[in-house]
Amino acid sequence: MLFLGIETSCDDTSLALVEDGTRVVGMRTASQIEMHNLTGGVVPELAAREHVNSILPVLRDLCETSGVSLDCIDAIAVTRGPGLVSSLLVGDLVASTLAWLLDIPIIPVHHIGGHIYANWLERLDADIRFPLVILTASGGHNELVYMPRHLTFEHIGRTRDDAAGEAFDKVARILGLGYPGGPLISKSALSGNAVSIDLPRAWLPGTYDFSFSGLKSEVLRVVEKELRQSDSLSGQFVADMAASFQMAVIDVLVAKLFQAAREYNASEVHIAGGVSANVLYRETVERRGQELGFTVKFPVKNVYSTDNGAMIAALGYFLYRDHPQEYTMWRNVLPDPNLKLFESQ
């Protein structure tokens with residue numbers, strides 16, 4: 001089956017065509033990074049306006065470059081939540097309208113569930129062995145999830161305040177690096193010393209939850225102290241802080257991920273979400289997985305780590321495959337910015 005996936009939960013307008021949940025026929029994404037870099041973060045009203053301007057041209061470009069007409073699409077999957085309500089509304093309205101016009105099923109899906117299913121893209125379903133422990137880390141969410149089988153999720157841990165990606169963005173702003181913070185901090189850290197600045201780790205003993213607000217506050221304290229001693233931040237100080245901060249985040253993510261994998265007797269360990277594009281994070285997870293005997297998987301391309309339409313189409317396919325009776329009639333999808341995993345149907 002050929003699925004159209006539509007993702008507009010935040011600041012990327014991304015549409016993709018995916019066959020049988022794994023083979024990406026084509027994907028097109030309109031990024032808003034340049035605009036939001038001017039404001040240092042996402043402004044919801046501006047993001048929604050850009051989705052309105054971009055979504056139909058992106059759809060047209062996707063069909064033309066893929067050589068696929070709309071009447072070849074078997075079903076549509078669209079992000080219902082969580083996310084920015086005004087951004088979600090754009091994707092949901094377009095998806096509902098297309099499904100009605102084409103008389104095909106529409107499958108509303110959960111954004112974080114989509115990130116989890118990004119690890120199926122360009123892989124065979126049979127190559128993934130359950131049970132899994134998955135850590136999704138992005139700008140708004142940290143979710144540690146146990147998955148014994150398809151479409152069955154058990155929350156193990158979550159963020160209590162700032163998610164990892166959000167902390168990257170805020171620290172990048174503190175250091176004057178710009179937006180989005182993840183790739184900019186990772187680049188700066190290449191010339192830094194990760195043990196040069198002693199930063200805290202919030203281990204939250206007895207839980208698999210995460211907290212990065214204290215780490216962010218400590219970075220701010222050290223930066224303000226440095227600015228009192230000198231009028232500006234040196235390039236080396238910024239690089240050392242970026243490297244030290246990055247390692248502090250990775251230490252906690254990796255430790256909790258593999259602690260959970262051992263406790264839940266996972267066959268595989270997966271990472272997903274925007275932070276999974278971080279090279280050091282991937283290398284650290286792979287190295288730790290080899291030491292402990294776990295198979296590690298993460299999205300095969302960085303574009304599948306960040307928000308994208310292909311992951312939405314992948315999850316939509318597996319929902320339809322396993323529960324076809326639930327998607328036999330058209331429905332008008334309404335956004336839910338606080339949608340819980342897994343209440344997307």
Side-chain angles (χ1 to χ4, degrees), residues 1-9 12 14-29 58-59 62-63 66-81 88 91-92 94-96 98-100 102-130 132 134 136 145 147-153 268 270 272-273 297-301 303-331 333 339 341-345:
M1 291 187 69
L2 185 63
F3 270 67
L4 171 65
I6 300 178
E7 158 59 27
T8 63
S9 66
D12 283 329
S14 185
L15 281 72
L17 294 166
V18 178
E19 187 174 39
D20 295 341
T22 59
R23 190 177 78 86
V24 180
V25 176
M27 185 169 77
R28 288 293 180 271
T29 301
V58 170
L59 175 62
L62 172 64
C63 291
S66 302
V68 175
S69 62
L70 290 176
D71 57 9
C72 293
I73 298 170
D74 297 305
I76 298 174
V78 62
T79 304
R80 184 182 172 212
L88 290 166
D92 290 343
V94 169
S96 297
L98 283 173
W100 179 74
L102 299 172
D103 193 23
I104 57 177
I106 183 169
I107 298 91
V109 306
H110 193 284
H111 179 75
I112 302 303
H115 276 302
I116 290 171
Y117 272 85
N119 281 334
W120 269 259
L121 295 171
E122 300 188 20
R123 288 189 171 105
L124 295 176
D125 183 23
D127 289 341
I128 295 180
R129 297 180 299 118
F130 294 102
L132 315 173
I134 309 106
T136 69
V145 175
M147 192 173 175
R149 65 189 67 85
H150 270 301
L151 306 177
T152 301
F153 301 85
E268 293 187 359
H270 289 197
K297 287 188 173 71
F298 44 77
V300 299
K301 294 180 180 178
V303 291
Y304 302 149
S305 293
T306 54
D307 294 353
N308 66 90
M311 70 184 194
I312 302 304
L315 175 54
Y317 166 78
F318 285 103
L319 281 166
Y320 186 83
R321 185 195 71 174
D322 290 3
H323 305 284
Q325 69 282 358
E326 297 184 16
Y327 305 104
T328 56
M329 296 179 63
W330 175 85
R331 69 188 71 186
V333 176
L339 187 66
L341 192 73
F342 203 71
E343 299 170 359
S344 57
Q345 289 76 11

Practice problem: Answer yes or no: is there a donor N or O on one side and an acceptor on the other, between the side chain of Ser66 and the main chain of Leu62, under 3.5 Å? | Solution: yes
Quiz item: Got Glu268 and Lys297 here, is their nearest side-chain heavy-atom distance under 4.5 Å?
Solution: yes
Quiz item: Any sub-3.5 Å donor-acceptor pair from Ser14's side-chain atoms to Gly309's backbone N or O?
Solution: yes
Practice problem: Could you tell me whether the side chain of His111 and the main chain of Gly81 form a donor-acceptor pair under 3.5 Å? | Solution: no
Quiz item: Can you tell if the side chain of Val303 reaches within under 4.5 Å of the side chain of Met27, non-hydrogen atoms only?
Solution: yes
Practice problem: For the residue pair Val58 and Thr29, establish whether any side-chain heavy-atom pair is separated by less than 4.5 Å. | Solution: no
Exercise. Could you verify whether a donor N or O on one side chain and an acceptor N or O on the other, from Ser69 and Asp71, lie under 3.5 Å apart?
Key: yes
Self-check item: Check: Tyr117 ring centre within less than 6.0 Å of His150 ring centre
Solution: yes
Quiz prompt | Any donor-acceptor pair under 3.5 Å from Asn308 side chain to Thr306 backbone | solution = yes
Quiz item: Between Glu7 and Thr79, is any side-chain donor less than 3.5 angstrom from a side-chain acceptor?
Solution: yes
Self-check item: Criterion side chain to side chain contact (heavy atoms under 4.5 Å, CB included) against His115, the qualifying member of Val145, Asp307, Ile134
Solution: Asp307
Quiz item: Distance-only, no hydrogens or angles: does the Trp100 side chain make a donor-acceptor pair with backbone N or O of Arg331 under 3.5 Å?
Solution: no
Self-check item: Check: Leu88 and Val78 side chains under 4.5 Å, non-hydrogen atoms
Solution: no
Self-check item: Min side-chain heavy-atom separation Leu121-Thr22 under 4.5 Å
Solution: no
Quiz item: So do Asp20 and Leu2 actually touch side chain to side chain, heavy atoms under 4.5 Å?
Solution: no
Quiz item: So, do Ile76 and Pro105 sit near enough that their side-chain heavy atoms are less than 4.5 Å apart?
Solution: no
Check residues 310-321 and write down every donor-acceptor pair under 3.5 Å in which the side-chain atom is one partner and the other belongs to a residue at least two apart or another chain.
from	atom 1	to	atom 2	distance (Å)
Arg321	NH1	Asp125	OD2	3.3

Quiz item: Just by modelled atom types, is the Gly91 backbone N or O under 3.5 Å from a matching donor or acceptor in the Thr8 side chain?
Solution: yes
Quiz item: Under 3.5 Å, side chain of Thr152 to main-chain N/O of Met147, donor-acceptor pair present?
Solution: no
Practice problem: Please name all residues satisfying salt bridge (charged side-chain N to carboxylate O under 4.0 Å, His left out) with Asp74, sequence neighbours left out, ordered by chain then number. | Solution: none
Quiz prompt | Pairwise distance CD1(Ile6) to CG(Leu15) - rounded to 0.5 angstrom | solution = 5.0 Å
Quiz item: Would you say Ser96 and Ile106 make side-chain contact, with heavy atoms under 4.5 Å?
Solution: yes
Quiz prompt | Over all atoms of both residues, closest heavy-atom pair of Asp322 and Pro324 | solution = C-CD, 3.5 Å
Quiz item: About how many Å separate NE2 of His270 and CD1 of Ile116, when rounded to the nearest 0.5 Å?
Solution: 10.5 Å
